[in-house]
K.L.:
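Mind having a look at this structure? Questions to follow.
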Amino acid sequence: MLSLIAAAVVPAFGRLTVTADPDGVPAGGGIVVANHTSLADPAVVVAALRRHGIEPVVLATAGLWRVPVLGSALRREGHIAVHRGTARAAESLEAAAAALASGRSVLLYGEGRLPGRRDAGESAPGPFRSGLARLAAATGAPVVPVGQAGVRRLCSGGRVKQLAGTVTAPLRRPGLHVHIGAPLRLPAGVPEATHRAREAVTDAWRTAVLALGEPLPGQRRCSVCSASTNTLGSCCPL
């Protein structure tokens with residue numbers, strides 16, 4: 001139901017486009033890991049995945065289960081509360097492993113938190129926590145890297161700015177893009193596996209940013225042709 005709602009609602013707030021690598025959609029259950037930049041990420045990513053027939057079990061902060069109506073829907077559909085910093089934190093990985101064993105895909109965010117920046121700009125995925133690598137090692141499930149861009153234009157910054165962004169989004173209709181990378185098998189060691197997963201998600205995120213025609217962080221637009229370049233005008237030496 002939540003996937004259906006996201007698929008219906010997200011296009012009203014922005015122009016969602018989705019691309020995928022060859023074999024970017026796993027036939028069976030997989031661990032979908034996406035970059036985390038905004039409170040609106042889950043809705044956008046779930047809407048994009050549904051276009052490819054994936055309706056994942058979502059791992060999300062336990063506070064959402066206390067929200068009226070939403071919490072009941074999350075419990076009813078088997079989504080997984082993450083109790084970070086408590087003795088119950090490991091329960092989320094156990095529940096995710098059970099979902100994978102049943103043939104479901106699970107969606108999680110390797111960073112485990114939002115970036116600190118307050119503006120609506122893009123930033124590369126931050127450091128990943130070890131939970132993803134440990135879940136992949138315990139289950140043998142493939143990891144599907146997903147990159148999303150543009151979502152910070154829906155919802156970012158402080159509470160007032162987040163509310164303003166959400167309210168005005170149907171008028172602004174910002175571009176949103178989600179790219180689904182090809183599934184990969186992580187190496188056995190947790191540090192190496194965590195690094196490899198972050199690299200794959202970063203590659204997918206770069207693809208999403210470029211699909212929107214936006215420069216990557218640290219780049220500028222050429223004054224001649226408007227292409228993204230590290231040195232202004234270097235692509236058009238006229």
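This one's a predicted model, so the numbers in the text were calculated from it and none came from an experiment.
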K.L.:
Arg206: what forms a salt bridge (Lys or Arg N to Asp or Glu O under 4.0 Å) with it, not counting sequence neighbours?
P.N.:
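Listed in chain order: Asp203.
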
K.L.:
Calculate, to the nearest 0.5 Å, the distance between atoms CG and OG1 belonging to Leu212 and Thr207 respectively.
P.N.:
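It is 11.5 Å, given to the nearest 0.5 Å.
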
K.L.:
How close do Val106 and Ala96 get, counting heavy atoms only, and between which atoms?
P.N.:
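It is CG1-O, 3.9 Å.
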
K.L.:
Less than 4.5 Å apart, any side-chain heavy atom of Leu216 and any of Trp205?
P.N.:
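Of all side-chain heavy-atom pairs linking Trp205 with Leu216, at least one is under 4.5 Å.
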
K.L.:
Give every donor-acceptor pair under 3.5 Å between a side-chain atom in residues 188-198 and any protein atom, sequence neighbours left out.
P.N.:
| from | atom 1 | to | atom 2 | distance (Å) |
| --- | --- | --- | --- | --- |
| Thr194 | OG1 | Val190 | O | 2.8 |
| His195 | NE2 | Glu199 | OE2 | 3.1 |
| Arg198 | NE | Pro125 | O | 3.2 |
| Arg198 | NE | Gly126 | O | 3.1 |
| Arg198 | NH2 | Pro125 | O | 2.9 |

K.L.:
How close do Leu4 and Arg50 get, heavy atom to heavy atom, and via which atoms?
P.N.:
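Here Leu4 and Arg50 meet closest at CD1-NH2, 3.5 Å.
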
K.L.:
Return the minimal non-hydrogen interatomic distance between Leu186 and Ala133, and the atom names on each side.
P.N.:
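Smallest heavy-atom distance, with atoms named: CD1-CA, 4.4 Å.
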
K.L.:
Counting only pairs under 3.5 Å, give me each side-chain donor-acceptor contact of residues 176-183, with atom names and distances, residues two or more places apart or in other chains.
P.N.:
| from | atom 1 | to | atom 2 | distance (Å) |
| --- | --- | --- | --- | --- |
| His177 | ND1 | Thr17 | O | 3.4 |
| His177 | ND1 | Thr17 | OG1 | 2.6 |
| His177 | NE2 | Thr19 | OG1 | 2.9 |
| His179 | ND1 | Thr19 | OG1 | 2.7 |
| His179 | NE2 | Asp21 | OD1 | 2.8 |

K.L.:
If you compare all heavy atoms of Asn35 against all heavy atoms of Gly147, which two are closest, and at what distance to 0.1 Å?
P.N.:
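Closest approach of Asn35 to Gly147: OD1-CA, 3.3 Å.
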
K.L.:
Should Ile31 and Val201 be regarded as members of a common hydrophobic cluster, given that ILVMFWY residues are connected when their side-chain heavy atoms come within less than 4.5 Å of each other, either directly or indirectly?
P.N.:
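In one cluster: yes.
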
K.L.:
Go through the steps to decide whether Leu108 and Leu135 satisfy the test side chain to side chain contact (heavy atoms under 4.5 Å, CB included), and finish with yes or no.
P.N.:
CA-CA 11 Å; Leu108 58 80; Leu135 179 61; 4.0 Å; yes

K.L.:
Tell me every residue that passes side-chain hydrogen bond (donor to acceptor under 3.5 Å, both in side chains) with Arg129, counting only those two or more places apart in sequence or in another chain.
P.N.:
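Counting only residues at least two positions away or on another chain, Arg129 forms no side-chain hydrogen bond (donor to acceptor under 3.5 Å, both in side chains).
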
K.L.:
According to a 4.5 Å side-chain heavy-atom criterion applied to Ile, Leu, Val, Met, Phe, Trp and Tyr, with indirect links allowed, do Val146 and Val82 form part of one hydrophobic cluster?
P.N.:
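No, it is not one cluster - the side chains of Val146 and Val82 are not joined through contacts under 4.5 Å.
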
K.L.:
Pick one: which of Ile80, Val32, Ile54 meets side chain to side chain contact (heavy atoms under 4.5 Å, CB included) with Leu107?
P.N.:
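Answer to the side chain to side chain contact (heavy atoms under 4.5 Å, CB included) test with Leu107 among Ile80, Val32, Ile54: Val32.
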
K.L.:
Under the side-chain hydrogen bond (donor to acceptor under 3.5 Å, both in side chains) rule, collect the residues that match up with Arg172, sequence neighbours excluded.
P.N.:
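Once residues adjacent in sequence are excluded, the partners of Arg172 under the side-chain hydrogen bond (donor to acceptor under 3.5 Å, both in side chains) criterion are Thr168.
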
K.L.:
Group every Ile, Leu, Val, Met, Phe, Trp and Tyr by side-chain heavy-atom contacts under 4.5 Å, then state whether Val57 and Leu132 land in the same group.
P.N.:
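Yes, same cluster.
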
K.L.:
Give me the atom names and distance for the closest heavy-atom approach of Arg173 to Arg15.
P.N.:
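It is O-NE, 2.9 Å.
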
K.L.:
Closest heavy-atom contact between Leu100 and Ala141?
P.N.:
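Taking Leu100 first and Ala141 second, the nearest heavy atoms are CD1-CB, 4.1 Å.
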
K.L.:
Less than 3.5 Å apart, which donor and acceptor atoms pair up between the side chains of residues 40-48 and the rest of the protein, not counting sequence neighbours?
P.N.:
| from | atom 1 | to | atom 2 | distance (Å) |
| --- | --- | --- | --- | --- |
| Asp41 | OD1 | Thr37 | OG1 | 3.4 |
| Asp41 | OD1 | Ser38 | N | 3.2 |
| Asp41 | OD1 | Gln148 | NE2 | 3.2 |
| Asp41 | OD2 | His36 | ND1 | 2.8 |
| Asp41 | OD2 | Thr37 | N | 2.5 |
| Asp41 | OD2 | Ser38 | N | 3.0 |
| Asp41 | OD2 | Gln148 | NE2 | 3.4 |

K.L.:
Do Tyr109 and Leu93 land in one hydrophobic cluster if side-chain heavy atoms of ILVMFWY residues count as linked below 4.5 Å?
P.N.:
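Hydrophobic grouping puts Tyr109 apart from Leu93.
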
